[in-house]
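Notes to accompany the following structure.
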2 protein chains.
Amino acid sequence: MQPRPRTIPEATVARLAVYLRVLATLADGGRSTVSSGELASAAGVNPAGLRKDLSHLGPCGVRGVGYDVALLRDRLTRVLGVERAHGCVLVGIGNLGSALADYAGFGTRGFEFVGLFDASPARIGQRIGSLQVRALDELEDVVAATGASIGVLTTPAEVAQRVCDRLAAAGVRSILNFAPVTLTAPAGVDVRKVDLSVELQVLAFLGQQRVPAGVGESA
Amino acid sequence: MQPRPRTIPEATVARLAVYLRVLATLADGGRSTVSSGELASAAGVNPAGLRKDLSHLGPCGVRGVGYDVALLRDRLTRVLGVERAHGCVLVGIGNLGSALADYAGFGTRGFEFVGLFDASPARIGQRIGSLQVRALDELEDVVAATGASIGVLTTPAEVAQRVCDRLAAAGVRSILNFAPVTLTAPAGVDVRKVDLSVELQVLAFLGQQRVPAGVGESA
DNA sequence: CGGTGTGAACTCTTTCACAGCG
DNA sequence: CGCTGTGAAAGAGTTCACACCG
């Protein structure tokens with residue numbers, strides 16, 4: 001039906017974001033074209049897989065040559081929907097929250113914090129970057145006023161679900177959760193989780209898998 | 001052959017870590033048994049999938065009743081290899097690094113920072129928690145002395161690969177990378193990546209997918 | 001020729017349905 | 001009768017091999 005079958009696998013989308021980062025670096029370095037092999041190597045994936053990922057956007061390379069760096073970068077930017085900056089609100093200004101609020105990587109990639117919130121009076125009023133920490137009460141008003149579409153949670157686990165509910169009710173459509181709980185959100189609201197403990201535990205497991213004996217020292 | 005076929009899918013391992021967290025919370029709350037349904041709901045997964053995940057450890061529930069909370073928690077702790085604390089070194093003590101160094105969640109879950117490193121003289125000597133930031137030169141010595149098995153990277157992207165190489169050479173077997181680059185590590189060294197920009201971009205994409213029109217408000 | 005785009009084979013995961021034990 | 005444990009089916013996602021175009 002559609003010329004672009006609106007179905008790009010989520011795994012592919014995540015990799016497209018990686019390709020975009022690599023392309024941005026290449027463009028900064030003055031490169032004008034790349035082959036799938038080189039791009040795949042820089043992104044840590046299989047070349048054929050990369051080509052399949054890109055095939056979801058329709059043809060965007062030149063056979064026998066490769067991909068135009070700037071062109072592909074712009075295309076990915078549009079597809080991912082980061083051509084225009086997305087407003088983000090950050091709730092929970094502890095150590096991690098402060099670090100994220102200050103993290104330069106966001107602004108340069110199509111995301112901008114438009115509100116920082118905390119429940120603790122001690123934090124309220126504190127300046128981080130160009131923003132001032134506000135009381136949690138103002139959450140709904142700020143979301144409405146700024147049209148923020150993304151919420152980032154760095155609160156303690158106990159309050160994360162409640163804040164999630166408020167964000168969803170206020171009209172935020174996407175939530176990135178750093179609190180170590182599994183959130184439930186209404187349909188239409190996407191939640192992604194980053195759990196540092198889980199990552200470390202997976203590493204611990206993989207590490208012990210290899211230990212038992214000096215397994216395959218290849219060649 | 002083996003009573004425990006050493007092959008637990010990585011996707012399963014990640015979920016086991018989530019189950020472990022939920023079980024710890026339940027145990028703290030005084031619960032003694034859970035059903036797969038309840039546990040699955042708290043972990044945000046399908047009950048049948050949870051049972052299949054647990055089946056990789058051999059039978060560990062009681063039919064008609066459910067799972068013993070404390071028993072299953074201890075079992076998962078052993079399987080994941082976090083019964084004994086793992087030493088971690090953290091390289092790159094910027095905002096994010098400082099936040100992680102201070103993050104209580106690690107110590108309580110079988111991980112302990114045994115060394116903090118930074119290249120900047122301004123950071124060296126600074127105290128965070130019970131540790132003092134050391135010069136990057138000391139990295140190899142500290143890894144050797146402490147037997148640290150995990151490295152956490154919160155350096156700028158430009159130096160991440162070099163630090164990764166040093167960590168691997170020093171004997172670190174697992175690396176958790178927060179720098180926005182794809183790392184290459186020798187065989188036998190596992191790398192996991194946490195890329196905040198990628199997470200946000202995936203959310204941006206999913207968000208715009210739903211926007212076009214009031215799509216399927218079901219029922 | 002070189003490198004892209006893609007159908008087909010393969011592997012890995014998830015889901016379902018039900019057998020089996022308490 | 002309830003809930004676990006599990007084979008079998010369905011579904012994603014990944015890899016391969018090669019046709020096709022510049």
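The analysis underlying the following values was restricted to heavy atoms, covering all of them including side chains, and did not include hydrogens, waters or symmetry mates. Protein chains get the first letters and strands the later ones, always in sequence-line order, with residue 1 at the start of each.
Computed from coordinates, the Y67(A) OH to dG22(D) P distance equals 15 Å when rounded to whole Å. Rounded to whole Å, the distance from CG on N46(A) to P on dC16(D) is 6 Å. Spacing between atom CG of L54(B) and atom P of dT4(D) amounts to 9 Å, rounded to whole angstrom units. Atom CD in E38(B) sits roughly 11 Å away from atom P in dC3(D) (whole-Å rounding). Between L50(A) atom CG and dC16(D) atom C1' the separation is 16 Å, expressed in whole Å. For R63(A) and dG22(D), the CZ to C1' distance is 9 Å, given to the nearest whole Å. Per the geometry, CD1 belonging to I8(A) stands 16 Å off P belonging to dA12(D), to the nearest Å. Here dG13(D) presents its P atom at 8 Å from CD of E10(A), a figure rounded to the nearest Å.
Contact annotation for P9(B): backbone-only contact, meaning every heavy-atom pair under 4.0 Å involves sugar-phosphate atoms and none involves a base.
Residue Q161(A) is tested with V159(A), V163(A), D165(A) for a side-chain contact (heavy atoms from CB on, under 4.5 Å); the sole match is D165(A).
Under a 4.0 Å N-O distance rule, the pair R84(A)/E112(A) does not qualify as a salt bridge. Checked for salt-bridge contact, E38(A) and R31(A) meet the test: a charged N lies under 4.0 Å from a carboxylate O. A salt bridge does not link E83(B) with R78(B): none of the charged nitrogens is closer than 4.0 Å to a carboxylate oxygen.
Across the interface with DNA chain D, nearest-nucleotide mapping of S55(B) and V62(A) shows S55(B) to be the residue nearer the 5′ end. Toward the 5' end of DNA chain D, the nearer of the two residues R51(A) and K52(B), judged by each one's closest nucleotide, is K52(B).
If you walk DNA chain C from 5' to 3' and mark each nucleotide with an atom closer than 4.0 Å to a heavy atom of chain B, the marks span dT13(C) to dG22(C).
Under the 4.5 Å side-chain criterion, counting only non-hydrogen atoms from C-beta, V34(B) is not in contact with V22(B). Between L100(A) and N95(B) there is no side-chain heavy-atom pair separated by less than 4.5 Å.
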Report the C-alpha distance between R73(A) and L26(A) in whole Å, list the side-chain angles of each, state the deciding distance to 0.1 Å, and finish with yes or no for side chain to side chain contact (heavy atoms under 4.5 Å, CB included).
-> CA-CA 10 Å; R73(A) 179 198 55 187; L26(A) 288 173; over 6 Å; no
